[in-house]
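Presented below is the structure to which this report refers.
Atoms considered below: every heavy atom in the structure, side chains included; atoms not considered: hydrogens, waters and symmetry mates. From a predicted model like this one, the values you see are computed outputs, not experimental measurements.
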Amino acid sequence: MASIQRPASSGSGSGSGSGSGSDVAIDERKRKRMLSNRESARRSRMRKQKQLEDLTDEVTRLQLSNRDLVQKINAKEQNYGAIESANNVLRAQHAELTDRLRSLNSVLQMIEEMSGFSVDIPEIPDSMMNPWQLNRPIQQIVADMFLP
């Protein structure tokens, strides 16, 4: 039986001595490529490390910012609660004073009717009848309490 001969590949390192110069060149190229790949991998690892450090720094910064915002929100909520309580007290006092004024006005009307004298009965001001229509400076003062 006849055997089939195949030509030796240039990278196999086997064969006659005539291909040894090209083998050295190929080995040198492989070595350079391997060094280049190692350097590229090292740079890639350094970039990833830098990205990780940057992201960690950003997380820390955002956590501090978040904590600061939560503290500010809590302070504003406490201020709001205090103002709401004061406002409820003022509403109750307003209702009580309005009722007293109406009562006094009705007493004055009865005195006027019984005595026949003309009594000046003050009218209840519109601002007391419509408390939601407050003057601007009062609203501005309340609004300024919420500004930083």
Problem set entry | Distance, nearest 0.5 Å, that separates CG of Asn79 from NZ of Lys76 | 6.5 Å

Problem set entry | Ser36 side-chain N/O to Lys32 backbone N/O, donor-acceptor pair under 3.5 Å | no

For this session: Could you tell me whether Asp68 and Lys72 make a salt bridge, using a distance below 4.0 angstrom between a side-chain N and a carboxylate O?
Result: yes

Exercise. Taking atom CG of Asn105 and atom CE of Met110, what is their separation to the nearest 0.5 Å?
Worked result: 11.5 Å

Exercise. Taking it one step at a time, do Arg33 and Asn37 satisfy side-chain contact (heavy atoms from CB on, under 4.5 Å)?
Worked result: CA-CA 6 Å; Arg33 187 171 50 240; Asn37 286 345; 4.0 Å; yes

For this session: Report the distance from atom NZ of Lys50 to atom CG of Leu55, rounding to the nearest 0.5 Å.
Result: 10.0 Å

Exercise. About how many Å separate CG of Asp57 and CG of Leu52, when rounded to the nearest 0.5 Å?
Worked result: 9.5 Å

Exercise. Donor-acceptor pair, Ser44 side chain versus Ser40 backbone, under 3.5 Å?
Worked result: no

Problem set entry | Stepwise side-chain contact (heavy atoms from CB on, under 4.5 Å) test for His94 and Thr98 | CA-CA 6 Å; His94 175 267; Thr98 302; 3.6 Å; yes

Problem set entry | Salt bridge present between Arg42 and Glu39 (N-O < 4.0 angstrom) | yes

Exercise. Between Arg91 and Asn88, does a side-chain hydrogen bond (donor to acceptor under 3.5 Å, both in side chains) hold up when you go through it step by step?
Worked result: CA-CA 5 Å; Arg91 280 190 188 114; Asn88 288 337; 3.1 Å; yes

For this session: Answer yes or no: is there a donor N or O on one side and an acceptor on the other, between the side chain of Ser85 and the main chain of Gly81, under 3.5 Å?
Result: yes

Exercise. Are the charged groups of Asp27 and Arg31 less than 4.0 angstrom apart, N to O?
Worked result: no

Problem set entry | Main-chain N/O of Asp99 paired with Ser103 side-chain donor or acceptor, under 3.5 Å | no

For this session: Give, for atom CG of Asp54 and atom CD of Glu58, the distance between the pair rounded to the nearest 0.5 Å.
Result: 8.5 Å

Exercise. To the nearest 0.5 Å, what is the distance between CZ (Arg102) and CZ (Arg100)?
Worked result: 14.5 Å

